[in-house]
Amino acid sequence: MLAIYKREFKSYFYSMTGSIFIAFLAVITGIYFMAYNLHSGYPYFSYSLSGVMFVLLIAVPVLTMRSFSEERKNKTDQLLLTSPVSVGKVVAGKYLAMVTIFLIPCIIFCAYPLIIKTQGKAYFLADYTAIFVFFLMGCVYIAIGSFLSALTESQIIAAISTFGVLMILYLWEGLMSFLPSNAIGGMAGIWIIMTLCVMFVYHMTRNIVLSSGIEAAGSIVLLVIYFVKSSVYEGILEKILGNFALTNVFTNVSDNNLLDVKGIVFYLTLIGVFLFLTVQTIQKRRFS
Amino acid sequence: MIEVKNLVKKYGNHTAVDHLSFQIEKGHIYGLLGPNGAGKSTTMNIMTGYLGATEGEVRINGHDILKEPEEAKKAVGYLPEIPPLYVDMTVKEYLMFAAELKKVKKQDRKDEVNKVMKLVRIYDVKDRLIKNLSKGYKQRVGLAQAVLGFPETIILDEPTVGLDPKQIIEIRELIRELAKEHTVILSSHILAEVREVCDHIMIISKGKLVASDTPENMEKQMAGREALEIETRLLPERTEEILSKVAGITNVTYPKSEPGITRALIEAEPGLDVREEIFRAFAREDSALLTMYQQKKTLEDIFLELTQEGGTAYAGNL
């Protein structure tokens, strides 16, 4: 794992991707810092950081797009998968290398509150918490990017799909308000989510009996609930999907100085889930 | 020792490997021979743990490649069809990485990489970027990677494809050198290459093992079915009459030949040499034989016969 981590980390600098990623984040953050904190005199660095959030949508796909797709295209995955190293360690090594690259600009950010301090009062606790949560949010994005990169052989497809997914997550809150709140709409929404899950199960297992069984049983349960107590479905989509508002955890810290422990756990869980899915995707490919 | 038992690999409806079983003993050079698309690369990819099999198992020194992958993979070095090179690294960096990946101990790593680089003769280019190397050198870097850690078995998938004749000879010499201390399995669709290097040939056709033997044995085994060719100035009817008196002949065919000359292809019972009997039969009738010629089946003929549609099965020790 250490070998892969070291090689991967170095390769981000051979190919300039790592350097450009770091420079890009640092420059944009610098501009926001200058405008908000230095020019307008706002003492919270976390506010600038929340402005920079959209930059991750562009920067993270660039960082993650080649992580697994390129190996597959150049057939270098044959070296990794035929070496005495487990797939889990390969994924972990690569993921940690990307996280380390992202850690570098985050360490640079740590200097900004100190600069604010030289000009007057700084809010260290709020700012450093914001940087930490910002870092964790980036780690979630990187895990999503890795997973999408493992699904394809093309870096471009990996980058664009990662950007798309991150964009949707960014706009999540706004999109929620378009969801239907009546009972029938709620049920339809739940049914669509369930069907998508079943399709994923089928994609992974190729077991038509299992997946159609789950689908049929689920549909019946949904209908029964609708006829017994339709009020359950009212506003249910917003309630359930609203929990997945990824950026909320960070914006709560940056805008309201509220740190939600549940949110941190949510981030860590998402990282775990996407890395697990990455491993499964690679494992599955060997058997198809 | 590698045991392959009942290996099946299906891609959708297409069966790439069809119930393949064989054993690889220590200390030989094995040649996996077959036309393009026969399933050689798939078999090798499964043996090294890159792909999972649909059915069957691969055991390396008793370790199942899927259940105990780390133990099993340690005993095998693999050079795939396209060398798995990180082209933005230098040769030395790449090999140091590969050595670490293969769990070569830190204090031995440098020595071992140097040793391998000298063995495959890439020491002169050790500080060059892999992307700037020629195809032959890239192949050798790939080979060096497979040899690193000095595993018991080295598996090479078409190691000479795309190289010029001089490089082919060099790679072959290298393989022979490696075979002194390792078991080598190589695949090829070129018969001459396998015959030259290997001391055991396995012919694969459509995912099935159709022959497995030493090259000499293979030629010997097929000798029984070879036809004897004779030519005489007698009419075909007369020739048939004489031949009918010889015991042991199973089939005679009369292919076209020059006017005034009868050509006969005689097949006898396997293992029976009827040449003397035929000579005596013609001598008794005071008829002259113009030629008598035992056709010799070359490995090429065997290969073509076995890998073509409707070819007869090989009777050797499968």
Side-chain angles (χ1 to χ4, degrees), chain A residues 1-20 66-94 96-97 153 155 202-208 279-288, chain B residues 9-12 41 44-55 60 63 65-66 68-90 93-104 106 109 129-131 141-142 145-146 148-149 151 155 157:
Chain A
M1 187 180 105
L2 197 63
I4 292 169
Y5 170 77
K6 281 192 289 191
R7 196 211 77 78
E8 206 59 24
F9 184 72
K10 273 191 232 159
S11 89
Y12 278 108
F13 293 100
Y14 290 137
S15 67
M16 300 283 290
T17 323
S19 322
I20 289 170
R66 51 188 284 281
S67 56
F68 293 95
S69 58
E70 198 192 30
E71 297 261 0
R72 197 166 149 203
K73 188 160 196 173
N74 295 343
K75 306 259 179 213
T76 43
D77 58 340
Q78 285 193 318
L79 173 66
L80 301 181
L81 294 177
T82 57
S83 300
V85 183
S86 68
V87 179
K89 282 180 182 163
V90 172
V91 172
K94 280 174 165 287
L96 288 178
E153 255 181 54
Q155 295 188 31
Y202 176 69
H203 181 71
M204 292 306 266
T205 62
R206 298 267 159 210
N207 188 336
I208 189 84
V279 173
Q280 291 309 309
T281 310
I282 295 171
Q283 289 283 22
K284 188 198 154 252
R285 201 164 57 223
R286 297 164 69 194
F287 287 92
S288 58
Chain B
K9 178 73 183 175
K10 285 183 181 158
Y11 293 110
S41 292
M44 289 188 150
N45 277 335
I46 295 171
M47 280 165 74
T48 50
Y50 177 60
L51 292 177
T54 313
E55 271 174 53
I60 296 167
H63 301 289
I65 190 83
L66 290 176
E68 301 167 88
E70 302 202 4
E71 280 303 309
K73 284 172 183 171
K74 250 184 226 174
V76 177
Y78 181 37
L79 170 63
E81 206 168 347
I82 300 161
L85 305 173
Y86 291 103
V87 291
D88 51 7
M89 297 170 99
T90 67
E93 275 172 341
Y94 171 72
L95 290 177
M96 287 299 277
F97 162 66
E100 197 175 344
L101 205 60
K102 284 161 194 280
K103 308 212 162 125
V104 177
K106 194 167 185 180
R109 229 174 268 157
L129 285 179
I130 294 177
K131 65 177 155 203
V141 176
Q145 165 273 122
L148 264 178
I155 299 183
D157 195 357

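Atoms NZ and CZ, from B/Lys10 and A/Phe287 in turn, are 15.5 Å apart once rounded to the nearest 0.5 Å. In this structure, B/Met89 CE and A/Lys10 NZ are separated by 6.0 Å, a value rounded to the nearest 0.5 Å. Here the straight-line distance linking atom CD1 of B/Ile82 with atom OG1 of A/Thr76 works out to 10.5 Å at 0.5 Å rounding. Between B/Asn45 atom CG and A/Gln78 atom CD the span is 5.0 Å, to the nearest 0.5 Å. Atoms OG1 and CE, from A/Thr82 and B/Met44 in turn, are 12.5 Å apart once rounded to the nearest 0.5 Å. Between the CG atom in A/Leu79 and the OH atom in B/Tyr94 there is a gap of 4.5 Å [rounded to 0.5 Å].
Annotation: A/Lys73, atom NZ; neighbour count of heavy atoms from other residues, nucleotides and ligands within 6.0 Å does not exceed 12. Environment of NZ in A/Lys89: sparse, with no more than 12 heavy atoms of neighbouring residues, nucleotides or ligands closer than 6.0 Å.
The closest donor-acceptor contact from the side chain of B/Lys73 to the backbone of A/Leu81 lies under 3.5 Å. A side-chain donor-acceptor contact under 3.5 Å links A/Arg286 to the backbone of B/Gly49.
For B/Ala53, the part lying under 4.5 angstrom from a heavy atom of chain A is the backbone only. For B/Tyr86, the parts lying near chain A are the backbone and the side chain together; criterion is any non-hydrogen pair under 4.5 Å. With a threshold of 4.5 angstrom between heavy atoms, A/Tyr14 approaches chain B through side-chain atoms but not through N, CA, C or O. The parts of B/Leu51 that come within reach of chain A are both its backbone and its side chain, each placing non-hydrogen atoms under 4.5 angstrom from that chain. Heavy atoms of B/Leu66 lying under 4.5 Å from chain A belong exclusively to its side chain. Proximity to chain B (any heavy atom under 4.5 Å) is shown, for A/Gln283, by neither the backbone nor the side chain. Interface remark: B/Glu93 contributes side-chain atoms only to the contact with chain A (heavy atom separation under 4.5 Å).
Side-chain contact between A/Val85 and B/Leu101: present, with at least one pair of heavy atoms (C-beta onward) separated by less than 4.5 Å.
Using a cutoff of 4.0 Å between basic side-chain nitrogens and carboxylate oxygens, B/Glu100 and A/Lys6 are scored as salt-bridged.
Checking A/Asp77 against B/Tyr50 by side-chain atom types alone, a donor-acceptor pair falls below 3.5 Å.
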